[in-house]
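Quick notes on the structure that follows.
Nothing fancy with the numbering, it's 1 onward along the sequence.
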Amino acid sequence: MADTQFETVNPLTEETVQTYTYISDDEAADIVRKSHEAHLEWRLRSLEDRAKVINAIAGELRNTKEELAELMTREVGKLLRDAKGEVELCAAICEYTAENGPKVLADQERQVPKGKGVVTHSPMGVIYGIQPWNFPAYQAIRYSIASLMAGNGVLLKHAEPCTGSGLLLRVIYEKAGLPQGLFGVLVIDHDQSDKIIENDLVRGVTLTGSDKAGKIVGQKAASVVKKTVLELGSNDAYLVLDDADLDVAVDTCVKGRLYNNGQTCVNAKRFIVTKKNYDAFVERYAEKFGAIRMGDPREGETQLGPMVTKRQRDQLHQQVEQSVEKGARVLVGGEIPDRKGWFYPATVLVDVAPGQPAYDDELFGPVASIIRAEDDEDAMRIANSSRYGLGGGIFSKNTERARELAGKYFDTGMVFINTFNVATPDMPFGGVKGSGYGREHGEEGLKEFVNIKAITIA
C-alpha cells in the first residue's frame, strides 16, 4: 500500500473529521475468519431467535439516532433532517425483516413423485459488502440485515468518507445483542478488497457503486465463482406525459432531483417532457430551482448542502461544462460558488441531447436534465434508450394507463407513478442493464444470499 492512512473530511468546513489507518492483510483475514466462526454458531439459532436480535437493532438505531445522524452529516454533508430520516428507514428495515424473515425463510414442503420434498433456505456463509458514501447507514443496513436474518456472517468495506459511520454501526449491532465478530468492518484499500473476494471463507459479494466499479468487482467475483448482487446507479428518467398534473410533476421532480443533495443512485435525473407541457414545465421548474437555498446542512432552512468531496463537485461541474460545449443551455446555476465548502448550486439544463453527459451519463449531484419529447410514445422511447435501468417515474392523471406503461414498456427495475421515493422495506430494490442485477428489500432481497436447498424424502 502506498498510503497507510487517510482522513475523513467535513464537506461544509473542509476540516478533518478523523484520521484512520488501513488494517494489515493479516488483520483483515482475521476479521473474515471471526465472522465465519461466529456464523457457524449463528446459523444454528432459530429464525425467530435471529429476528429478536434484529428487532433489537432497530431499537438501538433509534437510541443512537442523534449521534449517528450528526456523524453522517459531518462526514458526507447530508442534511441533518435527511440523516435522521435515514436512521428511521434503517430501523424500519430491521422491523420489517424481523417480522417477515421467519415466514419468508421458513422450510417449504412439496409433494413430489414417490415421496416428499422439502425446500430450505440455508445460510451461505460470509457475505462481503462494498458500499458507497451517500447513505452511510442505509447502504450498510439494507444488505447486512437481510444476510444476518438468513444466518450469514457479514463483512463491510465502507467508502472512505464515511468510515466512522461504518464503525459506529458495528457498535450498534453488537450493543443490540449481535454476536461479536459476526458483522466485521474492514478498513482496507481496493487492492486488499480483491483479496477479501478471493478469501475461501467469503461466499458472496454485493456492491453498490458505479457501473465501472461493478464491472471490476463482478469480474473478480466471477473469477472465483462467487455470487454477486450489483446496484450500479442510473440516470433515472421521469416522464411528464400529455395528461400529467403539472403541479404534482414539477413539485415532485424538484424534490426527486435534490433529495440527499442530488447524490442518490435512484434520484430523478432526466425529465422527459412532452411538447404539450414542455414550456410550462421548464419555466416553473427553473423558477423553483433558482430559489433553492444552499447552506449549513445542520440548519432547518437549508434545502441543499455541500457535495461529499471536492473531487465529486469538480467532476459534476466538468460534466455540466461538457454538456454545454455540446449544445446544452444552463437556465439556472452551473457555476461553482465562491465560498467555503464543496457546494454546487441547483442547476437546470435544457436543450439536452444525445452525446452530452447530461443525456447519456449519470450526473451525481443537483443538476436536472430536461429533455423535450414529441409525445408520450416518444418520451418512453427516450427513457429506454439509456444504458441504465434502475428506477424511473411517470406523471399521468390516468394511473391505470401509467401502470400498464410501467409494467409492459418501462425497462427499469422500479417505477414511481405520480410520486418519488428512494426505498421502502417491503418493495424490491434493484435494476437492469448497466444498473446491475439482483434485488434488495422485500421477500426477494431476503432470499438473495441463501442456499435454496432441495431435500427429497422417499
Quiz item: Does R293 come within less than 4.0 Å of E301, counting only side-chain N to carboxylate O?
Solution: no
Exercise. Mind running side chain to side chain contact (heavy atoms under 4.5 Å, CB included) on I272 and D378 for me, showing each step along the way?
Key: CA-CA 9 Å; I272 304 173; D378 190 39; over 6 Å; no
Quiz prompt | Sidechain N-carboxylate O distance under 4.0 Å for K220, E198 | solution = yes
Quiz item: Taking the side chain from R439 and the backbone from E448, do they hold a donor-acceptor pair closer than 3.5 Å?
Solution: no
Quiz prompt | Heavy-atom side-chain contact between Y344 and I336 under 4.5 Å | solution = yes
Exercise. Output all residues satisfying side chain to side chain contact (heavy atoms under 4.5 Å, CB included) with A28, sequence neighbours left out; order by chain, then residue number.
Key: I23, L186, I188, I196
Quiz item: Would one find more than 12 heavy atoms of other residues, nucleotides or ligands at under 6.0 Å from atom CZ of R339?
Solution: yes
Quiz item: So, do R142 and Q139 sit near enough that their side-chain heavy atoms are less than 4.5 Å apart?
Solution: yes
Quiz item: Hey, are T163 and Q18 close enough side-chain-wise for a donor-acceptor pair under 3.5 Å?
Solution: no
Quiz item: Does K157 make a cation-pi contact with Y128 (under 6.0 Å, within 45 degrees of the axis)?
Solution: no
Quiz item: Using a distance-only test with no angle check, is there a side-chain donor-acceptor pair under 3.5 angstrom linking N260 and K78?
Solution: yes
Exercise. Inspect the surroundings of CD in E443 and state if more than 12 heavy atoms from other residues, nucleotides or ligands are less than 6.0 Å away.
Key: no
Self-check item: More than 12 heavy atoms from other groups under 6.0 Å of CD on E14
Solution: yes
Quiz item: When you check the gap from the basic side-chain N to the acidic O, do K276 and D242 get nearer than 4.0 Å?
Solution: no
Practice problem: Please check if any side-chain donor atom of S396 sits under 3.5 Å from a side-chain acceptor atom of D243, or the reverse. | Solution: yes
Exercise. For the residue pair L89 and P425, establish whether any side-chain heavy-atom pair is separated by less than 4.5 Å.
Key: yes
Quiz item: Distance only, no hydrogens: is a donor on one side chain within 3.5 Å (strictly under) of an acceptor on the other, for Y173 and S144?
Solution: yes
Exercise. Flag the pair R387 and D361 as a salt bridge only when some basic side-chain nitrogen lies within less than 4.0 angstrom of an acidic carboxylate oxygen.
Key: yes
Quiz item: Do the rings of W133 and F364 sit parallel, tilted or perpendicular, given the 30° and 60° boundaries?
Solution: perpendicular
Practice problem: Return yes when atom CD of E321 has more than 12 non-hydrogen atoms of other residues, nucleotides or ligands closer than 6.0 Å, and no otherwise. | Solution: yes
Quiz item: Within a reach of under 6.0 Å around CZ of R298, are more than 12 heavy atoms found that belong to other residues, nucleotides or ligands?
Solution: no
Quiz item: Above 12 or not: heavy atoms from other molecules or residues under 6.0 Å from NZ of K310?
Solution: no
Quiz item: Do we get R257 above F271's six-membered ring, with its NZ or CZ under 6.0 Å from the centre and within 45° of the axis?
Solution: no
Quiz prompt | Y259 and V266, any side-chain heavy atoms less than 4.5 Å apart | solution = no
Exercise. Flag the pair E88 and K65 as a salt bridge only when some basic side-chain nitrogen lies within less than 4.0 angstrom of an acidic carboxylate oxygen.
Key: yes
Quiz item: Taking atom types as modelled, is there a side-chain donor on Q192 or D25 under 3.5 Å from an acceptor on the other?
Solution: yes
Quiz item: Given side chains that start at C-beta, do those of Q319 and Q356 come closer than 4.5 Å, heavy atoms only?
Solution: no
Quiz item: Are S234 and D236 linked by a side-chain donor-acceptor pair shorter than 3.5 Å?
Solution: yes
Quiz item: What heavy-atom pair brings Y143 and E440 nearest, and what distance separates the two atoms?
Solution: CB-OE2, 3.4 Å
Self-check item: Within-4.5 Å side-chain heavy-atom neighbours: M380 and F410
Solution: yes
Quiz prompt | Within-4.5 Å side-chain heavy-atom neighbours: N134 and V308 | solution = no
Quiz item: Hey, is the main chain of P345 close enough, under 3.5 Å, to the side chain of T347 for a donor-acceptor pair?
Solution: yes
Quiz item: Are a donor atom and an acceptor atom from the side chains of Y437 and T228 found within less than 3.5 Å of each other?
Solution: yes
Self-check item: Atom CD of E67: over 12 foreign heavy atoms under 6.0 Å
Solution: no
Quiz item: Quick one: do the Y22 and E160 side chains pair a donor with an acceptor below 3.5 Å?
Solution: yes
Practice problem: Check whether more than 12 heavy atoms from other residues, nucleotides or ligands sit under 6.0 Å from atom NZ of K288, and answer yes or no. | Solution: no
Quiz item: Roughly how far, to the nearest 0.5 Å, is the OH atom of Y20 from the CD atom of Q5?
Solution: 12.0 Å
